[in-house]
Amino acid sequence: MSVVHPGMLHDYGGFPPETYKITYPAPGAPDLAQRTADLIKSAGLPTHLDPKRGFDHGTFAPAYVMYPNAELPIFQISLQHSYDPAAHFALGRAIAPLRYEGVLIVGSRLSYHNLRLFGPGAKAPSAAFDAWLSATMALPGDQRSNTLLDWDKAPSARICHPKEDHLVPLFAALGAAEFEPATLTYHDKNIFGGVTASSYRIG
C-alpha cells in the first residue's frame, strides 16, 4: 500500500449506517512502503506496490483506538491468498529489519473469528483454542513457529477459524520477532457474549 493520502475501505456488511461514515485521516508512508517492498522482494517473495488501496477495518479500527489523532504514517501489507503459515512467517522474517528502523509491525485481527458462532456456543471452542494458543506462544522461538505451522490441528481450530484470515497476521508478526518472547497484553472470556480471545506483544 503506497498511497500518500489513503482513503477508506469499509470492507464489511450488515452494520449500522454510521459505521460506513468512519474516517481515519492518517497519512500514508510511500517511501517506507517502497523500502518494505524491496525487503520482501529480496527474500524471494512476490509483492507489488498498490497506489490506490485505502485503510480497511483491520487497520483503522485498532489505529483509531491506539492513535486517535491519526498523526502517524501508516501502510498495510496484504495477506497471501493461500493463507500458508510458512509463507507468512517468511514475510515476517523479510520485514524484520524494519523493527530496528523505528517501525511498529502490527498483526491486526482477532484470535477467534467464526462469524456464525458467537454467544454461548462459542464459549467452549474459543476457550480451548485460546488455551492452546497461550501455551504455544510461551514456547521458545523455533518451537513456537513450528507448532503454529500446524495450527489447524489445535483443539477447535477450525471451529474458531473456518477461514484463517484473522490468524495468519500473527504468523507474520511472529516471523518479524521470531526468537523474542511473547507477552499477553489482552485477554477476555466474554467477548460477544461468550468468546475467549487474546492479544500479544512480541519482543
Side-chain angles (χ1 to χ4, degrees), residues 1 29 31-49 58-59 61-63 65-67 72-113 126-158 160-161 163-188 196-203:
M1 175 180 173
D31 291 343
L32 186 54
Q34 180 63 67
R35 160 76 173 139
T36 304
D38 291 343
L39 288 171
I40 295 171
K41 288 178 182 176
S42 294
L45 301 173
T47 190
H48 70 277
L49 296 175
T59 294
V65 175
M66 296 164 66
Y67 304 108
L72 292 182
I74 296 176
F75 71 103
Q76 301 172 172
I77 301 176
S78 62
L79 305 178
Q80 290 196 21
H81 285 292
S82 68
Y83 299 141
D84 176 25
H88 290 88
F89 271 109
L91 170 62
R93 294 177 190 121
I95 64 174
L98 298 175
R99 296 182 62 235
Y100 305 98
E101 299 171 16
V103 178
L104 175 64
I105 298 172
V106 179
S108 169
R109 285 299 186 248
L110 188 63
S111 63
Y112 175 92
H113 195 247
S126 67
F129 183 78
D130 189 82
W132 173 87
L133 183 62
S134 177
T136 300
M137 293 294 284
L139 295 172
D142 54 350
Q143 190 177 350
R144 179 176 62 194
S145 300
N146 289 333
T147 302
L148 283 165
L149 290 176
D150 292 321
W151 72 271
D152 55 350
K153 296 180 175 64
S156 300
R158 281 298 179 185
C160 297
H161 292 280
K163 186 177 179 182
E164 57 265 42
D165 56 322
H166 270 246
L167 189 63
V168 294
L170 173 64
F171 305 153
L174 283 167
E178 194 160 15
F179 296 97
E180 299 195 27
T183 302
L184 181 69
T185 57
Y186 171 83
H187 179 74
D188 197 316
T196 297
S198 298
S199 296
Y200 296 87
R201 182 184 71 245
I202 302 104

- [ ] Side-chain contact test, heavy atoms from C-beta onward, threshold under 4.5 Å: evaluate it for L91 versus T47 and give yes or no.
- [x] no
Task: P169 versus L79, closest heavy-atom pair with distance - done: CG-CD2, 4.0 Å
Task: Heavy-atom pair with the smallest gap, counting every atom of S156 and A128 - done: OG-CB, 4.2 Å
Task: Rounded distance (nearest 0.5 Å) linking atom CD1 of I105 with atom CD1 of I77 - done: 7.0 Å
Open item on the list: For D165 versus H113, what's the shortest heavy-atom pair and its separation?
Closed with: OD1-ND1, 4.3 Å
- [ ] For L184 and S199, work out which heavy atoms get closest and say how close.
- [x] CD1-O, 3.5 Å
TODO: Sort and list the pairs that fulfil side-chain hydrogen bond (donor to acceptor under 3.5 Å, both in side chains) and have at least one residue in residues 172-182, not counting sequence neighbours.
DONE: R93-E178, R99-E180, S145-E178
Open item on the list: Once rounded to the nearest 0.5 Å, what's the spacing between atom CD of Q76 and atom OG1 of T36?
Closed with: 12.5 Å
Task: 4.5 Å side-chain heavy-atom contact, V168 and Q80 - done: no
- [ ] State, with a plain yes or no, whether a side-chain heavy atom of V106 is found less than 4.5 Å away from one of P62.
- [x] no
Open item on the list: Quick one, W132 and T147 - any side-chain contact, counting heavy atoms below 4.5 Å?
Closed with: yes
Open item on the list: Any heavy-atom pair between the side chains of T59 and M1 that's under 4.5 Å?
Closed with: no
Open item on the list: Just verifying a value: how many Å separate L148 CG and T136 OG1, rounded to the nearest 0.5 Å?
Closed with: 5.5 Å
Task: Separation between CZ of F171 and OH of Y83, rounded to the nearest 0.5 Å - done: 12.5 Å
